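Comments concern the structure below.
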Amino acid sequence: MNWISAIENELNNIEIFYSIATISIRKRTKRNKKELKVRSSGIDFYSNDYLELAKNEILHQQILNEFIVQPSLLYGSTGARLISGNSDYLSETEEMIVKEHKVEAATLFSSGYNANLALFSALLTQHDIALVDENIHPSMHDGIKLSNAKKLKFKHNDLDYLEKLLQRVEEHCFIAVESLYSMDGDYAPLNELVELSNKYNAALVVDEAHDFGVLGYGLGHQLGLQCKVFATVVTYGKAMGMSSAEILANKLVIDYLINYASTFIYTTAIADFHVTGLRKGYQFIKENKSLQESLKYNISHFRNSGFTSSSNKNSPIQILKFESTNQLTKIKNQLELVEINTFAVFNLQ
């Protein structure tokens, strides 16, 4: 059976799983076959556009005005950053981000996925170990897989379980968590995680994808921990309504990634017209605190409307659980009929 036939066969059985590390196709738990759909109009309960900046006309006009003043910002980047793709505008924007987050250094990646791939695949080796919260994003898992490091999961937000693992570890150790978990809408105990990482000399990596812009520049920044963790990933495809991501760390780590991270070295640099959006987005969030207040009001209104959510009361991600797949599907379809867009997650375990 050739590759095309194998792929067709797997799709027909809806049991497809791609392995980046081995470039093979293996069977996995049955799942619903997915298809691409155009984004629907209606009330948004399913996107990551927490502050509604993706369609904010005032922000868009500010970005457009910048292009009018500096038309050269519309040029393409022409190549990888280590060759021809770096620019003064991009470097200045990264310096601005460093100052805003009050960290030592930062570098930009095309997405949060690629940022996590870079961190874990470049910094971990087969002699290291990664202790990961069981609910972390797949990009972290994939980065660890590419590094050939050993990986152990700990129960979600369970500090006692994590400490027991740390007591057994002899290798260089990473701890991987998210500040706000997208599948549960709950926060990580960052203060306690920092204490544990210091106690056992482990490197704590925090993905702030869903929290950046919601709690200022993220939970770690709000708690003053941004320089007490090994590295932070902030992404711009959620609350800022754009795309790409920044890794924040000390200068040594950033220099290492620039020289050894494949997802940085072997990709075309992000063009200045996109970087313009990031620079204006930071400015807009900083100058419009009412965006976060409006989000807090919406979250509070939702939770006080008779719904029982298992998520944190301050989280922009509010989870409603149902007793059966049929009930979940029925409710989702009924909401679509009245143009309320939601996303259903089916537990297939």
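Just so it is clear, the structure is predicted and the values come from calculations on it, not from any experiment.
Counting all heavy atoms, side chain and backbone alike, Cys173 lies closest to Leu166 at SG-CD2, 4.0 Å. Listed here is the closest heavy atom pair of Gly185 and Ile319: N-CG1, 4.4 Å. The two residues Ser315 and Ile299 have their closest heavy-atom pair at O-CD1, 3.4 Å. The minimum heavy-atom distance between Gly218 and Glu208, with the atom names listed, is CA-OE1, 3.5 Å. Annotation for Ile63 and Lys280: closest pair CG1-CB, 3.9 Å, computed over non-hydrogen atoms. Nearest heavy-atom pair across Ala239 and Gly213 is CB-CA, 3.9 Å.
The same ILVMFWY cluster, assembled from side-chain heavy atoms under 4.5 Å apart, contains both Phe284 and Met96. Residues Leu295 and Ile43 are members of separate hydrophobic clusters, defined by side-chain heavy-atom contacts under 4.5 angstrom among Ile, Leu, Val, Met, Phe, Trp and Tyr. In the hydrophobic clustering of ILVMFWY residues, with side-chain heavy atoms under 4.5 Å counting as a link, Val205 and Tyr113 come out apart. Under a hydrophobic clustering in which Ile, Leu, Val, Met, Phe, Trp and Tyr are joined whenever their side-chain heavy atoms come within less than 4.5 Å, directly or via other members, Leu152 and Ile175 fall into the same cluster. With hydrophobic clusters built from ILVMFWY side chains whose heavy atoms lie under 4.5 angstrom apart, Tyr181 does not share a cluster with Leu320.
Of the N and O atoms on the side chains of Thr125 and Asp128, at least one donor lies less than 3.5 Å from an acceptor on the other residue. Defined by atom type and a distance below 3.5 Å, a donor-acceptor pair is present between the side-chain atoms of Ser84 and Thr78. Side-chain polar atoms of Glu52 and Asn56 form no donor-acceptor pair below 3.5 angstrom. Side-chain contact, Glu66 with Gln70: a donor N or O sits under 3.5 Å from an acceptor N or O.
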Next on the checklist: Checking Glu336 against Lys37 for the salt bridge (charged side-chain N to carboxylate O under 4.0 Å, His left out) test, could you report, in this order, the C-alpha distance in whole Å, the side-chain angles of both residues, the deciding distance, and whether it holds?
Outcome noted: CA-CA 14 Å; Glu336 283 183 355; Lys37 297 180 181 180; 5.5 Å; no
Checklist entry - Phe174 and Leu131: side chain to side chain contact (heavy atoms under 4.5 Å, CB included), yes or no, with the steps? => result CA-CA 6 Å; Phe174 267 42; Leu131 305 182; over 6 Å; no
Next on the checklist: Assess the residue pair Tyr50 and Ile317 against the criterion (side chain to side chain contact (heavy atoms under 4.5 Å, CB included)); give the C-alpha distance rounded to whole Å, side-chain angles, the decisive distance to 0.1 Å, and a yes or no.
Outcome noted: CA-CA 9 Å; Tyr50 304 133; Ile317 302 165; 3.6 Å; yes
Next on the checklist: Set out, in order, the CA-CA distance, both residues' side-chain angles and the distance that settles side chain to side chain contact (heavy atoms under 4.5 Å, CB included) for Tyr89 and Leu73, then state yes or no.
Outcome noted: CA-CA 8 Å; Tyr89 192 83; Leu73 292 175; 3.6 Å; yes
Checklist entry - Where do Leu193 and Leu162 land on the side chain to side chain contact (heavy atoms under 4.5 Å, CB included) test, with the steps shown first? => result CA-CA 9 Å; Leu193 285 164; Leu162 172 59; 3.6 Å; yes
Checklist entry - Would Lys199 and Glu163 satisfy salt bridge (charged side-chain N to carboxylate O under 4.0 Å, His left out), going step by step from the backbone distance to the final call? => result CA-CA 10 Å; Lys199 181 178 179 180; Glu163 184 162 21; 2.9 Å; yes
Checklist entry - Given the rule in the side-chain hydrogen bond (donor to acceptor under 3.5 Å, both in side chains) test, do Gln61 and Asn65 qualify, once you have shown the distances and angles that lead to the verdict? => result CA-CA 6 Å; Gln61 187 61 52; Asn65 290 343; 2.9 Å; yes
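Side-chain N or O atoms of Glu178 include one that pairs as donor or acceptor with a backbone N or O of His137 at under 3.5 Å. The main-chain N or O of Thr263 is never found under 3.5 Å from a side-chain atom of Thr267 such that the two would form a donor-acceptor pair. Under a 3.5 Å cut-off, the side chain of Glu246 and the backbone N or O of Thr107 do form a donor-acceptor pair. A donor-acceptor contact shorter than 3.5 Å links the side chain of Ser311 to the backbone of Asp184. A donor-acceptor pair under 3.5 Å is absent between the side-chain atoms of Asn116 and the main chain of Ser139, judged by distance alone. Although no hydrogens or angles enter the test, the distance criterion places no donor-acceptor pair under 3.5 Å between the side chain of Asn288 and the main chain of Leu291. With hydrogens and angles disregarded, a donor-acceptor distance shorter than 3.5 Å links the side chain of His60 to the backbone of Ala54. Side chain of Gln126 to main chain of Asn148: no donor-acceptor pair is present (N/O by atom type, distance under 3.5 Å, no hydrogens or angles). Side chain of Asp49 to backbone of Leu53: a donor-acceptor contact under 3.5 angstrom is found. No donor-acceptor distance shorter than 3.5 angstrom exists from the side chain of Arg279 to the backbone of Glu92, with no hydrogens or angles considered.
How far OG of Ser91 is from CG of Leu108: 10.5 Å, rounded to the nearest 0.5 Å. Taking NZ of Lys289 as the reference point, atom OG of Ser294 lies at 13.5 Å (rounded to 0.5 Å). The CG atom of Leu119 sits 3.5 Å away from the CD1 atom of Ile247 when rounded to the nearest 0.5 Å. Between the CG atom in Leu74 and the CZ atom in Phe273 there is a gap of 8.0 Å [rounded to 0.5 Å]. In this structure, Lys153 NZ and Asp158 CG are separated by 15.0 Å, a value rounded to the nearest 0.5 Å. Remark: Leu59 CG to Gln283 CD distance equals 9.5 Å, nearest 0.5 Å.
Under the 4.5 Å side-chain criterion, counting only non-hydrogen atoms from C-beta, His101 is not in contact with Thr232. Looking at Tyr187 and Leu180, their side chains come closer than 4.5 Å, going by heavy atoms from C-beta outward. Contact annotation: the side chain of Asn326 never approaches that of Lys330 to less than 4.5 Å [non-hydrogen atoms, C-beta and beyond]. Two residues are said to be in side-chain contact when any heavy atoms from C-beta on lie closer than 4.5 Å; His156 and Tyr161 fail this criterion. At least one side-chain heavy atom of Val194 sits under 4.5 Å from a side-chain heavy atom of Asn198.
Atom CD1 of Ile58 has 12 or fewer heavy atoms from other residues, nucleotides or ligands within 6.0 Å. Residue-environment remark: CD (Glu57) stays at or below the threshold of 12 foreign heavy atoms within 6.0 Å. Open room surrounds OH on Tyr260; 12 or fewer heavy atoms of other groups in view lie less than 6.0 Å from it. The environment of CG in Asp88 is sparse: at most 12 heavy-atom neighbours from other residues, nucleotides or ligands sit within 6.0 Å. Few gaps surround NZ on Lys55; more than 12 heavy atoms of other groups in view lie less than 6.0 Å from it. Shown here is Tyr75, whose OH atom has no more than 12 heavy atoms of other residues, nucleotides or ligands within 6.0 Å. By the neighbour-count criterion of 12 heavy atoms within 6.0 Å, atom NE2 of His141 is densely surrounded, having more than that number from other residues, nucleotides or ligands. The environment of Gln334 atom CD is dense: over 12 non-hydrogen atoms of other residues, nucleotides or ligands sit within 6.0 angstrom.
Less than 6.0 angstrom separates the ring centroid of Tyr282 from the ring centroid of Tyr236.
Partners of Phe307 by ring pair (Phe, Tyr, Trp, His ring centres under 6.0 Å), not counting sequence neighbours, listed by chain and number: Phe302. Residues satisfying the salt bridge (charged side-chain N to carboxylate O under 4.0 Å, His left out) criterion with Lys151, sequence neighbours excluded, are absent altogether.
Ring pair Tyr297/His301 is parallel by interplanar angle, where below 30° counts as parallel and above 60° as perpendicular.
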